[in-house]
Protein chains: 2
Amino acid sequence: MARWQPNAAERLVAAALDLFAERGYENTTVIEIAERAGLTKSTFFRHFADKREVLFGADAMSGLLVDGIIAAPDTATPLDAVAHALDAIGREAFTPDRREFGARRRAVIAANPELREREALKGRGLTASMIDALRRRGVPDLASRVAAELGALTLAIAYERWSDPTNGDEFGEVARRTLGDVQTASALCSRSTTPFTPPRSAEWTSAHPGPGSAFSRHRRESHHP
Amino acid sequence: MARWQPNAAERLVAAALDLFAERGYENTTVIEIAERAGLTKSTFFRHFADKREVLFGADAMSGLLVDGIIAAPDTATPLDAVAHALDAIGREAFTPDRREFGARRRAVIAANPELREREALKGRGLTASMIDALRRRGVPDLASRVAAELGALTLAIAYERWSDPTNGDEFGEVARRTLGDVQTASALCSRSTTPFTPPRSAEWTSAHPGPGSAFSRHRRESHHP
DNA sequence: TCAGCGATGGGACTTGGTCCCATCACTATA
DNA sequence: TATAGTGATGGGACCAAGTCCCATCGCTGA
């Protein structure tokens, strides 16, 4: 029988991905997944905490990110350290041979709210890991949170771009380019949108002496608690 | 009977929050929640899509954020528009009378992974809404994503700070201060980390001299296990 | 040959969640 | 006053996710 055949977990993942792609996540039963893998419901839950986890189980990313951030040179800025970690992910996790799998997985997750929810949680976990690693580098609290958030955004966008079949670049390249884009975009966030307005006129800077006062003129419009 | 008593949904929320706080989310049954509210399982699921949603149902935030961002003056930068939206949330959603509820809710959510997962998904939804609203302002794609992400981070931190019982400020103030802190921290992400060199002393303080600004207040550490 | 061990099978059980229909209270209209 | 309509509720059957416990299988080593 199927008993004692190796790679039970991998077989379950493959079976699940196939079935999810065929008939959708919610129209697929754990028992069906297990049967296609030549196993049973019991064994499924022995390998994965729940039905969603079958697409998120092999998750060494957190460790890779932490190690990558910590291993970055002392002179690296917080976002440099994040870039260093993204490189590690490109070498260890998102290798070229996994691109197709990544694309299928991404499509399945995008099609189901329950899976998107799990993905969101995993994202928070990765962000938390990066915050922790950055703090250990001596980066101040808030800067760690912001850098980790930008890192998570970069990771998400880079994964989108990399798993696109028309893209032939390695993940490391994609990620670095993406991080550059994010940094550029970040600089735009505190600048006026309209390209031809003077970005930092006298009035603007004087009206913006400290955090949060830029829109002090907009507040107090209506006060009815 | 309890039938036809008004505010069924509110009673369910109150009952759920009480029970979750008493014995924990996973040790509480939907039937128990319904019974404490004088209702039944059927009615519970008529008001809320699932068990988690009872703590996330009253969710007008997305609309408030979108409207606030769109209503911001044309001259506002992306993050100014976000600030404008956060102000609206302070007036419409996170009113002072809801602080205690917010604190209890936050504690319950923090104690349970399933609820944290839902919270993460809701956060993604808010971010998506902000991205959309910013795009409608003409903000470029990537800048929208970054600004929305920073806005979501600001909202999360501001909610943490505001729901703290020792905090007496209104949400709008807290959010404004938080956004300033986030912007400041954002600038550090591409700068060298070393803590005892320039940024802290001269350059830092002279660039942001606001009296009640930045890190002088609310030194609360945020922990991520 | 046998004992130990880890992975699997299997079934009972609880709970979240869906579905459908009966029931109740209120309202409008004749 | 009677009656039909409407919307919210109760109730139970039903399915799938997830837990628990124990039996069973195949391998390994003595």
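Just so we're on the same page: letters track the sequence lines, and every chain starts at 1.
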[atom1] of [X] versus [atom2] of [N]: gap in Å, rounded?
X	N	atom1	atom2	value
A/Asn27	C/dT18	CG	C1'	14 Å
B/Glu53	C/dT18	CD	C1'	17 Å
B/Asp50	D/dA16	CG	C1'	15 Å
A/Phe44	D/dC20	CZ	P	17 Å
A/Ile31	D/dG18	CD1	C1'	11 Å
A/Glu10	C/dA7	CD	P	15 Å
B/Ile33	C/dG17	CD1	P	10 Å
B/Phe45	D/dG12	CZ	C1'	15 Å

ask   = Is the cationic atom of A/Arg105 (NZ for Lys, CZ for Arg) positioned less than 6.0 Å from the six-membered ring centroid of A/Phe56 and within 45 degrees of its normal?
value = yes

query = Looking at B/Tyr25, is B/Lys51 sitting on its ring face, NZ or CZ under 6.0 Å from the six-membered ring centre and within 45 degrees of the normal?
reply = yes

query = Relative to the 5' end of DNA chain D, which residue comes earlier, A/Glu26 or A/Arg46, by the nucleotide with the nearest heavy atom?
reply = A/Glu26

query = Choosing from D/dA17, C/dT15, C/dG9, which nucleotide comes nearest the side chain of A/Val30?
reply =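 Shortest atom-to-atom distance from the side chain points to D/dA17.
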
task = Verify the neighbour count for atom CD of B/Glu100: are there more than 12 heavy atoms of other residues, nucleotides or ligands below 6.0 Å?
result = no

ask   = Does atom CD of B/Glu32 have more than 12 heavy-atom neighbours from other groups under 6.0 Å away?
value = yes

Side-chain donor/acceptor of A/Lys41 to base of D/dG18, under 3.5 Å = yes

message = OP1 or OP2 of C/dA7 versus the side-chain N and O atoms of A/His47: is any pair under 4.0 Å?
response =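 Indeed not, no polar side-chain atom of A/His47 lies that close.
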
message = So, OP1 or OP2 of D/dG10: does either fall under 4.0 Å of a side-chain N or O from B/Thr43?
response =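 It does, given that an N or O in the side chain of B/Thr43 lies less than 4.0 Å from OP1 or OP2 of D/dG10.
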
ask   = For B/Ser42, which contact category applies under a 4.0 Å heavy-atom criterion: base, sugar-phosphate, or nothing?
value = base

task = Check the angle between the aromatic planes of B/Trp162 and B/Phe94 and answer parallel, tilted or perpendicular using the 30° and 60° thresholds.
result =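 Geometry flag for B/Phe94 against B/Trp162: parallel rings.
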
